[in-house]
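See structure below.
Remember, predicted model here, so these are calculated numbers, not experimental data. Both counts, for ligands and for their atoms, begin at 1 and track the order of listing.
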Amino acid sequence: MTRTRLALVSAVALLAGLTACTDTPRSRETSAAEATVTPETPASPAAPETCDARASFRPTKGLTMPAGSHMRTIRERGRLILGTTQDTLLFSSRDPFTGRIEGFDVDMGREIARAIFGDPGKLEIRVVPRATRVDAVKNGDVDLAISTMTTNCARWEQVDFSTVYFEAGQRVLVGKDSAVTRIEDLGERPVCAATGSTSLDNIGKVSTGPVPVARADFGQCLVAMQLGEVDAVSTDDTILAGLAAQDPYAKVVGPRFTSEPYAIAVGKDHREFTEFVNAVLERLRADGTWKSIHDRWLKASGPAPAPPAAKYR
Ligand code: GLU
């Protein structure tokens, strides 16, 4: 390894370890214990959906911030606290050169900060593992979680969700020379997904019986595949695109076999804040901001589709 390459690798390793207190002009980050923990609740229901998880609260007061609202509390605090991951390329991942966590999900958080403060930089990012993100919102450790997170009825029992801001679906990542063409081809073989993701549950529901193998995050699933510990990784196509971009010997195969509508998780005690977030999403859909964020991060996947329409309960 050349000295320059070695220096670069060390710098990347150093930055990857910098999860605490990185002050940047664009956003602030604080502590983040990454651990393999079991979530208190399953990521998706065992039974069929019992609610309309896509339907959220109508933003009746628009972008106003009445006295006593959670928006006022956030404004008085001086920053919005966002929970997200740091390893989801294109949605929320750490840029090794700047040390900042960036992506589609982070830009959504920045737009909510802009609506509260008139300044998208008033955002504190806390890195929260998938396994504990629902609890982090529930316990008030973060104001919201924007984290490639599917809205579903099991999670609605713990937290509230905004309207849907992105439509994803689960597919499969295998080695370039694999003969697998869809998830069913992996019957009785080990397939990896992150703890606390709906992906792990979905693998277990496939009729041919692939064996779900849990790792703390999807980066570790990719490593497990590279080491031959699992035959495939299966999760949202958004996340798989980011993994495939990191490994020239991997490919994404098969159709979407689930629907994963992403929404923003907010605490159940701040319904007015969920309504406010929905008002922000209305603005992003209508004024072209959603499209420019899509173009910024996901241009490689083709032209931006229409943003998902809002549905209210
Ligand atoms: N969207 C799925 C979920 O919310 C999988 C990706 C993830 O865990 O972030 O569980």
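- Per-residue contacts place Y262 under 4.0 angstrom from the following atoms of ligand 1 (heavy atoms of the residue considered): 1 (N).
- Heavy-atom proximity to M149, at under 4.0 Å, picks out these atoms of ligand 1: 4 (O).
- Taking each heavy atom of F161 and S56 in turn, the nearest pair found is O-OG, 2.6 Å.
- Neither the backbone nor the side chain of A168 comes within contact range of ligand 1; no heavy atom lies under 4.0 Å.
- Of all the atoms in ligand 1, the ones that sit under 4.0 Å from a non-hydrogen atom of T150 are 1 (N), 2 (C), 3 (C), 4 (O).
- Residue S199 approaches ligand 1 through these ligand atoms, each under 4.0 Å from one of its heavy atoms: 5 (C).
- Looking at ligand 1, you'll find an N or O of T198 within less than 3.5 Å of one of its N or O atoms.
- Annotation for ligand 1: atoms under 4.0 Å from non-hydrogen atoms of S147 are 9 (O).
- At a 3.5 angstrom cut-off on N or O pairs, R130 counts as close to ligand 1.
- Classified by interplanar angle (parallel below 30°, tilted 30° to 60°, perpendicular above 60°), the ring pair H70/H270 is parallel.
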**Study point:** Criterion side chain to side chain donor-acceptor pair (under 3.5 Å) on T238 and Y262, from CA distance to verdict
**Key:** CA-CA 11 Å; T238 45; Y262 293 170; 2.7 Å; yes
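- The option from T238, T258, D236, N152 that lies nearest to atom 1 (N) of ligand 1, judged by heavy atoms, is D236.
- Under a cutoff of 6.0 Å and an axis angle of 45°, R313 and W156 form a cation-pi pair.
- Cation-pi contact between R271 and F57: present, with separation from the ring centre below 6.0 Å and deviation from the ring axis of at most 45°.
- A donor-acceptor pair under 3.5 Å is formed between the side chain of Q246 and the backbone N or O of G242.
- In this structure, A194 has no heavy atom closer than 4.0 Å to ligand 1.
- Short contacts between ligand 1 and R155, defined as distances under 4.0 Å to a heavy atom of the residue, involve ligand atoms 3 (C), 4 (O), 10 (O).
- Within the 3.5 Å criterion, the main-chain N or O of S162 finds no donor-acceptor partner in the side chain of N278.
- Looking at D236, its side chain never comes within 3.5 Å of a backbone N or O of I239 through a donor-acceptor pair.
- Between F218 and S199 the shortest side-chain heavy-atom distance falls below 4.5 Å.
- Close approach to T148 involves these atoms of ligand 1, each under 4.0 Å from a residue heavy atom: 1 (N), 2 (C), 3 (C), 4 (O), 6 (C), 7 (C), 9 (O).
- Here I239 has side-chain heavy atoms under 4.0 Å from ligand 1, and that is the only part of it that gets that close.
- Remark: ligand 1 and S197 share no N or O pair separated by less than 3.5 Å (distance only, no angle test).
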